[in-house]
Amino acid sequence: MSNAPKFGLNGPQSEAALYLDGPCLVLAGAGSGKTRVITQKIAYMIEDRGYDPRTIAALTFTNKAALEMQERIAKLLKQPKQAKQLTVSTFHSLGVKILRQEAAGVGLKDRFSIMDSDDCYTIVSDLGLTTDKQEIRRIQNAISLWKNGLVDPEEAIRAAQDEDQAQAGRIYRSYVATLSAYQAVDFDDLIRLPVELFRNNEAIRDRWQRKLRYLLMDEYQDTNTCQYELVKLLVTGIGKKPMFTAVGDDDQAIYAWRGASVENIKTLQTDFPDLRVIKLEQNYRSTTRILQAANAVIGNNPKLFEKSLWSEHGLGEPIKVLGMQSDEQEADQIAIMISADHFQRKNKWTDFAILYRGNHQARIIEQALRKERIPYTISGGQSFFDKAEIKDIIAYLRLIANDGDDPAFIRAITTPKRGVGMATLEVLGEFSKQWNCSLFEAALKGGIEGKLADRQLHPLRDFCHFINELESRASRPGPSGSGEHAAEVLDDMMKEINYEHYLYENFDDRAAQGKWQNVMEFTNWLKERGNGGRDGTGEEKNLLELTQMVALMSMLEGKDEEPDAVRMSTLHASKGLEYPHVYLVGVEEGILPHKGDPDDPIEKIAARIQEERRLMYVGITRAQRTLHITWCKKRKRAGELVHCDPSRFIKEMALDEGIAVPLESEVISPRDRLASLKALLNTPKPDAGKLLS
DNA sequence: CGACGCGCCACCTGA
DNA sequence: TGGCGCGTCG
């Protein structure tokens, strides 16, 4: 094979795609075509080098990215169906896949439940050592970091520096015991348990190594210790050449707060001395001016690897920095500018993105967009699967799959109300503790009769029988060999619990209608997957498998063709995406960089600022053609109007060198807003948008 | 037992 | 600002 550029890739891209002689690290700057490298590489492996697609795994961090990658690979293959044989998934989905097959090896039944962070919050809270919300969050966070760092409870307790940490460690110990009693795992376990399994069981590890011979990882800079360990266990074996490609950008590492460590990039070089390192520095996304600003900002961070982005696109329009009087004015202003640009320059709504640091910043912008009749979609906020009505239904599914899932039991039995209240549940809880069994088992156990009145016992038992029946139908051999069709069981369940009725009883018609619509969308979505549709594998899935899959879904992915709407997103959720016109809002000290705990040691603060700077870098580099950056002199915070200063990152963009121009004067007063908008809509004179362009 | 209402407090990011 | 936790009433 010659190393001449292939597939329309540039030199380094091509080198990265063709290199298969050993481990490979691709340092890919923003917009340098890293996804193309991964997809082309997989296509090359299958088409030109005869790799069996079933032995290739590509790992991403979001379901959306995985889905998109699979689609893109399918388009490159002569036989697009082969793409379905690939493992293209998130780290967490791969974890579920491994655990489902190897459950016994880690002491789980194969129908374990997956707890989301709300469930885990409740577990920590129920351990009863504190009621303070912040404190619980902190402990939850500590537990997550321990798990991701592969620190077990005994180690955590031993290493505690003070009583607070020791207590957190003890809570960690109880928390692990509780999950185990529920036959449940949390998100972190999905990676941690496979690691434990592979470490302790050579034969199982060997089987998975043979199954997954080549590994490709996207966003490698955001892997945590545990994920890296999983990768190492999968790619290293006696007499085996480590075969993988990791693609990442240390300048876009923005998940240290949840345990990711950029150092994993450096460690890769130590752990795999023959690692081939390839840099992608040509950017195909942005104008030169945008890249200059991005380089100027990130230049203030210490460098792990030397690299500098360049672009063949022209200089482009100057970046505009706008200082606003208030957050309200900021929102209105952006809405007006986007509206003007849309109508004057005939840009589609989808060409625009508004990016912000925290979800709470979205509200005021939403209001402004609505006022201007601008369609928008929000990503990175409350997810579809986090909506109460969806979680209600999921609780039933979880309980059907695993009757040891006490949190699901409590949620399902109390929604809709069926005459079982807290008093009954408390008795049941005591009883279950006494007999060391689940709530579900306790309800059916002999001896509980004496502790509950008949009117309390009956609905309880009826409910359990109902669940049992659904369970036996879901797992009875059916058309697919693995149970009755998920769709039928699901339909009957929905009918029986009469959830629609419950919604209309408890919410006003409008709200109920919306919620019911969500539920219908969800159940249809489930049925589609149950029939083997659209998830890439083409395999039928029973209700139990669907339930575990759903737990990992955080965004409504694959929503067939996006509507033409302005995109609103957190900076974190915007990673990997690009837009012709980007508005970066609320770029103020305290927001970006976000103000953290001022009592943190100085090196921690420095690290935090660096991560915030990378976040700013990610934001800037989302833009293809124009970039607006706004900040406010005053902002409403907790109801109070407070003074704000522009972010230090704005100064770092080298404003005086013509990269960015401050535009403080170009603000339209609210009074003129309507008039100017009308003018724009009715008589689009070339000059009308002068203030705005 | 559960619905409703008042008052307090916090607003980071996410698989 | 709004969500939610606690108290009281039906």
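Basis for what follows: all heavy atoms, side chains included, without hydrogens, waters or symmetry-related copies. Residue numbers begin at 1 in each chain, while the letters A, B, ... track the order of the sequences.
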Ignoring backbone atoms, establish whether [X] has a side-chain N or O less than 4.0 Å from OP1 or OP2 of [N].
X: N148(A); N: dA15(B); value: no
X: T570(A); N: dG14(B); value: yes
X: N63(A); N: dA15(B); value: no

Discussion item. Using the C1' atom as the point on both nucleotides, what is the distance between dC11(B) and dC6(C), in whole Å?
Written reply: 23 Å
Practice prompt. Between dC4(C) and dT13(B), how far apart are the C1' atoms? Round to whole Å, please.
Written response: 22 Å
Answer with yes or no whether the side chains of [Y] and [X] bring together a donor and an acceptor at under 3.5 Å.
X: E219(A); Y: Q221(A); result: yes
X: N402(A); Y: Q183(A); result: no
X: D119(A); Y: T122(A); result: no

Fill in: Ring-on-base stacking dT13(B) with W257(A) (under 5.5 Å, under 30°)
yes
Distance, rounded to the nearest Å, where [X] contributes [atom1] and [N] contributes [atom2]:
X: I254(A); N: dG14(B); atom1: CD1; atom2: P; value: 9 Å
X: I605(A); N: dC12(B); atom1: CD1; atom2: P; value: 16 Å
X: F187(A); N: dT13(B); atom1: CZ; atom2: P; value: 16 Å
X: Q227(A); N: dG14(B); atom1: CD; atom2: P; value: 16 Å
X: E588(A); N: dC12(B); atom1: CD; atom2: P; value: 15 Å
X: L571(A); N: dC11(B); atom1: CG; atom2: P; value: 20 Å
X: L584(A); N: dT13(B); atom1: CG; atom2: C1'; value: 15 Å
X: Q140(A); N: dA15(B); atom1: CD; atom2: P; value: 15 Å

Worksheet item: So, for Y172(A) and Y175(A), is the gap between ring centers shorter than 6.0 Å?
Response: no
Between [options], spot the one nearest the side chain of [X], thanks.
X: R357(A); options: dT13(B), dC1(B), dG5(C); value: dT13(B)
X: R363(A); options: dA15(B), dG3(C), dT13(B); value: dG3(C)
X: R137(A); options: dC11(B), dA15(B), dG14(B); value: dC11(B)
X: T90(A); options: dC1(B), dG5(C), dA15(B); value: dA15(B)
X: T424(A); options: dG5(C), dC1(B), dA15(B); value: dC1(B)
X: R258(A); options: dA15(B), dG5(C), dT13(B); value: dA15(B)
X: A573(A); options: dG14(B), dC1(B), dG5(C); value: dG14(B)
X: H360(A); options: dA15(B), dC11(B), dG14(B); value: dC11(B)
X: H594(A); options: dA15(B), dC12(B), dC1(B); value: dC12(B)
X: S117(A); options: dA15(B), dA10(B), dG14(B); value: dA15(B)

Worksheet item: Are E652(A) and R613(A) within salt-bridge range, i.e. N to O under 4.0 Å?
Response: yes
Worksheet item: When you check the gap from the basic side-chain N to the acidic O, do E229(A) and R192(A) get nearer than 4.0 Å?
Response: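 The answer is no: the pair does not qualify as a salt bridge.
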Fill in: Upstream residue (5' side of DNA chain B) when E612(A) and Q456(A) are each assigned their closest nucleotide
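Upstream on the strand: Q456(A).
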Worksheet item: Just checking Y255(A): base, sugar-phosphate only, or nothing, at a heavy-atom cut-off of under 4.0 Å?
Response: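 Sugar-phosphate only.
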